[in-house]
Each structure stands twice: as C-alpha cells, then as structure tokens.
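Down below is the structure, laid out as structure tokens.
Hydrogens, waters and symmetry mates are skipped; everything else that's a heavy atom, side chains included, is used.
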Amino acid sequence: MNSTDMDTLSFAGNLLFVLIAFTVAAAWVTARTARSKGYKFWLFFVLSVLSWFITAVVTVFLKDKGVANSKVRLNSVIMMAVGAMIEFGALSTLPAIDPTLTDEQIMLAFMDSSATGTLVVALAGALLIVAGVANDKRSAK
C-alpha cells in the first residue's frame with residue numbers, strides 16, 4: 001500500500017466515523033424531544049437511526065400527548081427550514097462523479113478542499129436541523 005491508499009482509507013474512515021457519530025447524536029436528540037412530548041424514546045431513537053431527517057421533521061410537528069391545545073414552535077420550524085436549505089444547497093454543489101472512475105479517484109475528488117468545505121457546510125446545516133429539534137424539547141410538566 002502506498003501513502004495515497006492510506007490517505008484515502010483514513011479519509012473514508014474518518015468520514016464514516018463522523019457520519020455514524022452524527023446519526024447517533026441526532027437520533028438521541030430527536031428521541032429525547034419526542035419523549036418530552038410524551039412519546040416512546042426508543043421508538044423514535046430507532047426510527048431516527050433509520051432516517052434522522054424524516055424523524056426530526058415528524059418530531060417537531062408532533063403535538064404534546066394528552067395536551068389538546070399544544071402548538072408547534074415556529075422558531076423550531078424556521079431553524080429546520082433554514083438548516084435544510086443550507087444542507088441540501090451545499091450537497092447539491094458537490095462534484096458530479098463519473099461512474100467509470102476508480103474508488104481512489106472518487107475519494108480524491110471528495111478530498112479536494114472545495115468538496116471538503118461543501119461537506120462541512122452541509123454538516124452545519126444538518127446541525128441547525130438538529131438544533132431546531134433540540135429547541136422543541138418541552139420542559140417537565
């Protein structure tokens with residue numbers, strides 16, 4: 001193995017670690033918010049691991065269980081909408097990858113500073129979405 005292989009492998013490993021850590025953290029925040037609204041923590045945790053974005057949206061729009069006049073918090077919805085625009089806007093600017101490229105060439109394309117910066121901006125948007133969910137956590141009744 002040459003040094004380029006190790007750099008590519010370590011980059012892919014680090015990226016995978018960040019993705020898994022983010023997914024677990026987002027699932028925890030979403031499940032905690034759902035629990036504060038009277039729903040099952042582990043159900044929302046598992047659903048959020050499967051699709052954190054969809055579960056985050058559902059959790060913000062859930063009304064408190066047993067409270068008839070519960071309302072959706074507008075600031076949480078705004079945070080999620082802005083975060084989604086940032087995240088998906090950034091992801092749409094990632095370089096187009098030709099299917100005929102080798103794995104190493106694809107990783108080198110993503111290791112480019114502009115692609116890495118785009119991924120960081122997308123992560124910031126995703127964190128803003130999670131912050132919107134965390135902002136929606138209800139205080140103890």
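Rounding to the nearest 0.5 Å places CD of E87 at 4.5 Å from CD1 of I129. To the nearest 0.5 angstrom, L91 atom CG is 7.5 Å from T93 atom OG1. Atom CG of L123 and atom CD1 of I86 lie 11.5 Å apart (nearest 0.5 Å). The structure places CG of L50 at 7.5 Å from OG1 of T55, a figure rounded to the nearest 0.5 Å. One distance of note links NZ of K40 with CG of L47; it measures 13.5 Å at 0.5 Å rounding. One finds the CD1 atom of I78 at 13.5 Å from the CZ atom of R73 (value rounded to the nearest 0.5 Å).
W52 is not listed as a side-chain neighbour of T30, based on a closest heavy-atom distance of 4.5 Å or more. At a threshold of 4.5 Å between non-hydrogen side-chain atoms, the residues V130 and F22 count as touching. Looking only at side-chain heavy atoms (C-beta outward), T59 and Y39 stay at 4.5 Å or farther from each other. Residues V77 and D136 fail the side-chain proximity criterion, which asks for heavy atoms closer than 4.5 Å.
With hydrophobic clusters built from ILVMFWY side chains whose heavy atoms lie under 4.5 angstrom apart, V67 does not share a cluster with L74. Note: the hydrophobic cluster containing V121 also contains M79 (ILVMFWY, side chain heavy atoms under 4.5 Å, direct or indirect links). Both V49 and W42 are assigned to one and the same hydrophobic cluster, defined by single-linkage of ILVMFWY side chains at heavy-atom distances under 4.5 Å. Both V60 and L127 belong to a common hydrophobic cluster when Ile, Leu, Val, Met, Phe, Trp and Tyr are linked at side-chain heavy-atom distances under 4.5 angstrom. When the side chains of ILVMFWY residues are joined at heavy-atom separations under 4.5 Å, either directly or via intervening members, V72 and F53 end up in a single hydrophobic cluster.
Within a 6.0 Å sphere centred on CD1 of I54, heavy atoms belonging to other residues, nucleotides or ligands number 12 at most.
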Can you give each donor-acceptor pair under 3.5 Å made by side-chain atoms of residues 109-116, sequence neighbours left out, with the distance rounded to 0.1 Å?
residue: D112; atom: OD2; partner: S114; partner atom: OG; Å: 2.7
residue: T116; atom: OG1; partner: F110; partner atom: O; Å: 3.2
residue: T116; atom: OG1; partner: D112; partner atom: O; Å: 3.0

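Here the shortest heavy-atom pairing between L19 and T23 reads O-OG1, 2.8 Å. Taking every heavy atom of both residues into account, F41 and A31 meet most closely at O-CB, 3.2 Å. Looking at every heavy atom in both residues, G132 comes nearest to M80 through CA-CG, 4.3 Å.
When atom types are taken as modelled, the side chain of N135 and the backbone of A131 share no donor-acceptor pair closer than 3.5 angstrom. Side-chain N or O atoms of S48 include none that pairs as donor or acceptor with a backbone N or O of F45 at under 3.5 Å.
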